[in-house]
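Written below as structure tokens is the structure these notes are about.
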Amino acid sequence: MEPSVTEKKKIVLSGIQPSGLITIGNYLGAVKTWSEIQEKYNCVFMIANLHATTVRQDPAVLRKNTLEAFAVLLACGIDPERSIVFIQSHVPAHAELTWALSCYTQFGELSRMTQFKDKSARYADNINAGLFNYPVLMASDILLYQAGLVPVGEDQKQHVELTRDIAGRFNGLYGNVFTMPECLFPKAGKRIMSLQDPAKKMSKSDPNPKGYAALLDDRDVIIKKFKSAVTDSETAVRFAEGKAGINNLMGIYSAFTGKSYEEIEAEFAGHGYGDFKLAVGETVADAFAPIKAEYARLMDDKEYLKKLAAEGAEKANRIARRTLDKVYRKIGYL
Ligand code: TRP
């Protein structure tokens with residue numbers, strides 16, 4: 001059957017925390033994919049600043065990071081004319097639905113979340129209720145917009161599964177209130193590893209900044225980080241077991257150029273690791289250059305950014321309110 005023009009596009013929702021810098025891992029795993037799927041779906045993207053306070057934040061830094069993250073999304077090609085882009089705290093329904101849904105989520109379920117267990121080990125002196133309830137806030141983000149698809153990395157899969165459990169339970173009690181969401185995993189760059197220790201995931205909280213390359217790093221910094229990437233004692237650029245460093249660089253190169261591993265091996269046949277690392281660094285730096293320029297332009301006009309954020313919040317609020325009203329009616333909140 002021909003798809004008709006009136007056929008509804010699926011709704012996509014995703015969020016990113018405003019934690020300062022965006023690494024290649026965040027870029028390939030999230031933002032790049034987001035900008036590519038805008039045509040195909042009705043997309044809602046948000047800066048998850050409510051999630052950010054589950055660990056202690058400096059207020060001025062949080063404010064700054066939130067606006068910067070918003071600008072990064074736009075600079076990466078998220079189009080506020082086509083998609084809804086907003087800041088989570090601007091839409092009160094997220095916090096409101098979180099309360100309601102927390103009454104439909106079991107203590108045992110939240111206790112089993114691996115991210116909660118990891119984070120409570122890492123921040124042992126601040127295991128707050130927000131950290132525990134974090135997945136309910138994420139479920140609210142998703143369910144408010146009736147999202148059918150949620151682009152996330154593997155690490156968030158368990159949270160989306162919990163969202164389905166909560167939605168299923170609520171629908172079971174009250175009828176069809178929520179759409180059942182599914183994960184949408186990025187094709188390329190699902191797991192970008194540290195440049196210094198390819199056994200570890202690339203992370204912006206790595207105490208060694210040489211482990212990650214960030215979107216807003218200077219060109220020569222990016223190239224230098226790639227030049228000093230840890231590899232192995234072989235010389236041939238090929239994808240193989242036991243060559244985690246080279247495999248990771250090939251994955252990054254492939255994600256930026258669209259080339260297959262065979263094509264990359266052919267391109268660098270007879271070249272050493274030095275040439276290859278330089279080429280990956282230059283490719284990444286070239287890809288980030290126009291994004292950085294657009295980011296700088298946007299950050300130069302904060303009033304314009306704030307206006308876009310307000311417009312995004314207004315659109316998001318309209319949709320979120322509709323779902324929240326329905327939930328309140330079903331539950332019996334007068
Ligand atoms: N928890 C996600 C992360 O840290 C960010 C996030 C918040 C999110 N709300 C969301 C992702 C809703 C997808 C859908 O990566």
Side-chain angles (χ1 to χ4, degrees), residues 8 10-17 29-30 33-34 37 41-46 48-55 88 91-123 127-186 190-191 316 319-333:
K8 269 213 171 147
K10 272 201 180 166
I11 298 169
V12 161
L13 178 127
S14 199
I16 189 163
Q17 290 199 43
T33 320
W34 296 1
I37 58 177
Y41 304 111
N42 284 330
C43 295
V44 184
F45 300 120
M46 55 161 219
N49 61 339
L50 298 179
H51 280 94
T53 54
T54 52
V55 301
Q88 191 182 26
V91 181
H94 291 252
E96 293 168 295
L97 185 61
T98 299
W99 172 256
L101 292 185
S102 70
C103 302
Y104 297 82
T105 309
Q106 298 302 306
F107 181 86
E109 290 178 303
L110 293 174
S111 314
R112 283 192 290 277
M113 294 291 115
T114 47
Q115 192 175 76
F116 171 68
K117 289 192 261 184
D118 290 349
K119 285 198 181 167
S120 32
R122 189 137 52 99
Y123 304 102
I127 308 176
N128 60 76
L131 191 64
F132 189 66
N133 228 8
Y134 177 117
V136 186
L137 177 58
M138 184 159 154
S140 302
D141 300 337
I142 297 167
L143 298 176
L144 277 174
Y145 301 90
Q146 307 291 352
L149 290 172
V150 184
V152 279
E154 287 281 350
D155 64 323
Q156 297 296 318
K157 187 171 160 218
Q158 202 185 25
H159 292 157
V160 177
E161 276 160 10
L162 177 68
T163 303
R164 292 171 59 87
D165 291 341
I166 298 171
R169 186 172 303 146
F170 199 91
N171 286 351
L173 287 165
Y174 302 107
N176 241 343
V177 177
F178 296 127
T179 302
M180 278 291 175
E182 274 169 45
C183 288
L184 181 69
F185 295 119
K190 204 152 80 176
R191 226 174 132 68
I319 302 174
R321 239 331 110 189
R322 212 180 303 143
T323 303
L324 187 74
D325 285 349
K326 191 162 178 191
V327 168
Y328 272 30
R329 255 195 332 271
K330 294 284 185 184
I331 293 178
Y333 289 149

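We're numbering straight along the sequence, starting at 1.
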Measure the spacing between [atom1] of [X] and [atom2] of [Y] and express it to the nearest 0.5 Å.
| X | Y | atom1 | atom2 | result |
| --- | --- | --- | --- | --- |
| Thr179 | Leu13 | OG1 | CG | 12.0 Å |
| Thr54 | Lys119 | OG1 | NZ | 5.0 Å |
| Leu324 | Ile319 | CG | CD1 | 13.5 Å |
| Thr105 | Ile166 | OG1 | CD1 | 3.5 Å |
| Tyr134 | Thr53 | OH | OG1 | 10.5 Å |
| Asp141 | Leu137 | CG | CG | 5.0 Å |

Sequence neighbours excluded - salt bridge (charged side-chain N to carboxylate O under 4.0 Å, His left out) pairs with any residue from residues 97-108: none
Can you list every salt bridge (charged side-chain N to carboxylate O under 4.0 Å, His left out) pair that touches residues 165-177, not counting sequence neighbours? Glu109-Arg169
The salt bridge (Lys or Arg N to Asp or Glu O under 4.0 Å) partners of Arg321 (sequence neighbours excluded) come to Glu96
Those residues at least two apart in sequence (or on a different chain) that pass side chain to side chain contact (heavy atoms under 4.5 Å, CB included) with Ala167 are Leu143, Phe178, Met180
Any residue meeting side chain to side chain contact (heavy atoms under 4.5 Å, CB included) with Asn42, in chain and number order, not counting sequence neighbours: Lys9, Ile11
Check the orientation of Phe132 and Phe107. Use parallel for under 30°, tilted for 30 to 60°, and perpendicular for over 60°. tilted
Look at the rings of Phe45 and Trp34 and say which category their plane angle falls in: under 30° parallel, 30 to 60° tilted, over 60° perpendicular. parallel
List the atom of [X], the atom of [Y], and the distance in Å for their closest heavy-atom pair.
| X | Y | result |
| --- | --- | --- |
| Ala316 | Val91 | CB-CG2, 3.9 Å |
| Thr163 | Pro181 | CG2-CG, 3.8 Å |
| Ala320 | Tyr145 | CB-OH, 3.7 Å |
| Gln88 | Leu50 | OE1-N, 2.9 Å |
| Gln146 | Val177 | NE2-O, 3.0 Å |
| Lys326 | Asn176 | NZ-O, 3.5 Å |

Between [X] (side chain) and [Y] (backbone), is there a donor-acceptor pair under 3.5 Å?
| X | Y | answer |
| --- | --- | --- |
| Gln158 | Thr114 | yes |
| Ser120 | Ile127 | no |
| Lys330 | Tyr174 | yes |

Under the ring-ring contact (aromatic ring centres under 6.0 Å, His included) test, residues paired with Tyr123 that sit two or more places apart: none
Pair His159 and Phe116, ring centroids less than 6.0 Å apart: no
Checking side chain to side chain contact (heavy atoms under 4.5 Å, CB included) for the pair Leu144/Val327: CA distance, chi angles, key distance, verdict? CA-CA 10 Å; Leu144 277 174; Val327 168; over 6 Å; no
Could you go step by step and tell me if Glu154 and Arg191 meet the side chain to side chain contact (heavy atoms under 4.5 Å, CB included) rule? CA-CA 8 Å; Glu154 287 281 350; Arg191 226 174 132 68; 5.9 Å; no
